[in-house]
Chemist: 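Have a look at this one.
Everything numeric in this text was worked out from a predicted model, so none of it was measured.
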Amino acid sequence: HVQLVESGGGSVQAGGSLRLSCVASGGTISRRCMGWFRQAPEKEREWVADIDSLSYSSYADSVKGRFTISRDSARNTLYLQMNSLKPEDTAMYYCATRPGSACYASARTPSGYKDWGQGTQVTVSS
């Protein structure tokens with residue numbers, strides 16, 4: 001069981017930037033598939049991005065070109081750099097991990113991930 005703790009959320013104006021962090025314990029993130037999800041009020045939780053053990057990353061179309069997922073293996077920390085934020089990016093953001101080193105497109109749903117953080121709120125105003 002991997003414990004995950006997110007931080008870095010906040011309130012920004014449209015066009016601004018935030019960097020989310022996710023500190024992991026009980027597992028080495030560089031050997032696992034790590035992902036970011038988000039959930040807006042009254043909407044389902046949706047996949048945002050993931051990164052595998054080879055540092056190959058994938059993004060949802062809605063954030064491609066604006067968000068960057070990365071990790072610091074020495075700190076066992078996952079990041080999500082969010083630029084050019086839009087009001088529709090407003091949501092609770094969660095980091096998550098699933099067993100294994102590879103990230104599969106078919107697993108990019110909440111049920112495809114095993115361990116979750118508590119979330120950090122991002123609010124973007126227009």
Side-chain angles (χ1 to χ4, degrees):
H1 179 65
V2 179
Q3 293 79 43
L4 303 169
V5 179
E6 303 97 332
S7 62
S11 297
V12 297
Q13 290 190 328
S17 299
L18 284 172
R19 188 178 78 157
L20 307 184
S21 300
C22 172
V23 178
S25 58
T28 303
I29 66 168
S30 62
R31 298 177 185 172
R32 304 175 70 91
C33 170
M34 301 295 299
W36 286 99
F37 285 75
R38 66 185 182 186
Q39 187 167 18
E42 301 181 357
K43 291 190 176 181
E44 294 186 352
R45 192 170 297 190
E46 64 174 359
W47 170 79
V48 174
D50 59 37
I51 184 169
D52 68 13
S53 63
L54 299 178
S55 296
Y56 183 80
S57 57
S58 297
Y59 299 90
D61 288 343
S62 59
V63 306
K64 199 172 293 182
R66 300 188 296 121
F67 290 12
T68 303
I69 189 172
S70 63
R71 63 173 179 243
D72 183 332
S73 298
R75 290 182 168 83
N76 214 31
T77 300
L78 181 73
Y79 300 103
L80 185 68
Q81 178 67 44
M82 306 186 295
N83 298 329
S84 302
L85 283 162
K86 304 175 181 180
E88 50 263 45
D89 294 319
T90 295
M92 185 72 79
Y93 283 71
Y94 300 89
C95 70
T97 185
R98 61 185 308 278
S101 58
C103 298
Y104 300 102
S106 59
R108 288 170 181 150
T109 63
S111 62
Y113 283 72
K114 180 176 179 289
D115 299 307
W116 294 82
Q118 83 290 347
T120 186
Q121 178 68 38
V122 172
T123 302
V124 185
S125 58
S126 57

Chemist: Partners of Y94 by ring-ring contact (aromatic ring centres under 6.0 Å, His included), sequence neighbours excluded?
Modeler: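 Partners of Y94 by the ring-ring contact (aromatic ring centres under 6.0 Å, His included) criterion come out as none, since no residue qualifies.
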
Chemist: Linking Ile, Leu, Val, Met, Phe, Trp and Tyr through side-chain heavy atoms less than 4.5 Å apart, which residues share a cluster with L18?
Modeler: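 ILVMFWY cluster around L18 also holds V2, L4, V12, L20, I29, M34, W36, V48, I51, Y59, V63, F67, I69, L78, L80, M82, L85, Y93, V122, V124.
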
Chemist: Only counting residues at least two apart or in another chain, list the ones meeting side-chain contact (heavy atoms from CB on, under 4.5 Å) with Q121.
Modeler: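 Partners of Q121 under the side-chain contact (heavy atoms from CB on, under 4.5 Å) test: T90, M92, T123.
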
Chemist: Tell me which pairs pass disulfide bond (SG atoms under 2.5 Å apart) where either residue lies in residues 37-74, with sequence neighbours left out.
Modeler: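 As it turns out, there is no disulfide bond (SG atoms under 2.5 Å apart) pair with a partner in residues 37-74 once direct neighbours are skipped.
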
Chemist: Taking only residues two or more places apart in sequence, or in another chain, which ones meet D52 in a side chain to side chain donor-acceptor pair (under 3.5 Å)?
Modeler: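 Checked D52 against side chain to side chain donor-acceptor pair (under 3.5 Å); zero matches.
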
Chemist: Listed by chain and number, what are the side chain to side chain donor-acceptor pair (under 3.5 Å) partners of E88, not counting sequence neighbours?
Modeler: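 E88: no side chain to side chain donor-acceptor pair (under 3.5 Å) contacts found.
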
Chemist: Could you grab the distance from atom CZ of R98 to atom OG1 of T109, nearest 0.5 Å is fine?
Modeler: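 Here the interatomic distance stands at 9.0 Å.
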
Chemist: If a pair satisfies salt bridge (Lys or Arg N to Asp or Glu O under 4.0 Å) and one of its residues is in residues 102-112, list it, with sequence neighbours excluded.
Modeler: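 Listed by first then second residue: D50-R108.
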
Chemist: Determine whether D115 and H1 satisfy the following criterion, side chain to side chain contact (heavy atoms under 4.5 Å, CB included), listing intermediate values before the conclusion.
Modeler: CA-CA 7 Å; D115 299 307; H1 179 65; 2.8 Å; yes

Chemist: Does S7 have any side chain to side chain donor-acceptor pair (under 3.5 Å) partners at least two apart in sequence or in another chain, and if so, which?
Modeler: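 Partners of S7 under the side chain to side chain donor-acceptor pair (under 3.5 Å) test: none.
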
Chemist: Any disulfide bond (SG atoms under 2.5 Å apart) involving residues 23-61? Give me the pairs, sequence neighbours left out, ordered by first then second residue.
Modeler: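 Qualifying pairs: C33-C103.
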
Chemist: In Å and rounded to the nearest 0.5 Å, what is the OG to CD distance from S21 to E6?
Modeler: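 Between atom OG of S21 and atom CD of E6 there are 10.0 Å.
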
Chemist: Out of curiosity, W47 CH2 to S62 OG, how far, rounded to the nearest 0.5 Å?
Modeler: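 If we round to the nearest 0.5 Å, W47:CH2 and S62:OG are 9.0 Å apart.
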
Chemist: Counting neighbours of CD on Q13 that are heavy atoms of other residues, nucleotides or ligands and sit closer than 6.0 Å, is the number greater than 12?
Modeler: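 No.
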
Chemist: First locate atom CZ of R71, then atom OG of S30, and finally report the distance between them rounded to the nearest 0.5 Å.
Modeler: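 Those atoms lie 5.5 Å apart.
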
Chemist: In Å, rounded to the nearest 0.5 Å, how long is the span from CZ of R45 to CZ of R38?
Modeler: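 Answer rounded to 0.5 Å: 13.0 Å.
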
Chemist: Between OG of S125 and NZ of K86, what distance do you get to the nearest 0.5 Å?
Modeler: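 One finds 15.5 Å between OG of S125 and NZ of K86.
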
Chemist: Begin with the C-alpha distance, continue with both residues' side-chain angles, and end with the deciding distance and a verdict on side chain to side chain contact (heavy atoms under 4.5 Å, CB included) for Q118 and V5.
Modeler: CA-CA 7 Å; Q118 83 290 347; V5 179; 4.1 Å; yes

Chemist: Running the 4.5 Å side-chain criterion over Ile, Leu, Val, Met, Phe, Trp and Tyr, what cluster does Y104 land in, apart from itself?
Modeler: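 Besides Y104, the hydrophobic cluster comprises nothing; the residue is isolated.
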
Chemist: What is the minimum heavy-atom distance between D72 and R75, and which atoms define it?
Modeler: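 Reported closest heavy-atom pair: OD2-NH1, 2.9 Å.
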
Chemist: Does R66 have any salt bridge (Lys or Arg N to Asp or Glu O under 4.0 Å) partners at least two apart in sequence or in another chain, and if so, which?
Modeler: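 Result, salt bridge (Lys or Arg N to Asp or Glu O under 4.0 Å) vs R66: D89.
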
Chemist: Among all residues two or more places apart in sequence or in another chain, which pass the salt bridge (Lys or Arg N to Asp or Glu O under 4.0 Å) test with R19?
Modeler: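 With neighbours one apart ignored, the set is empty.
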
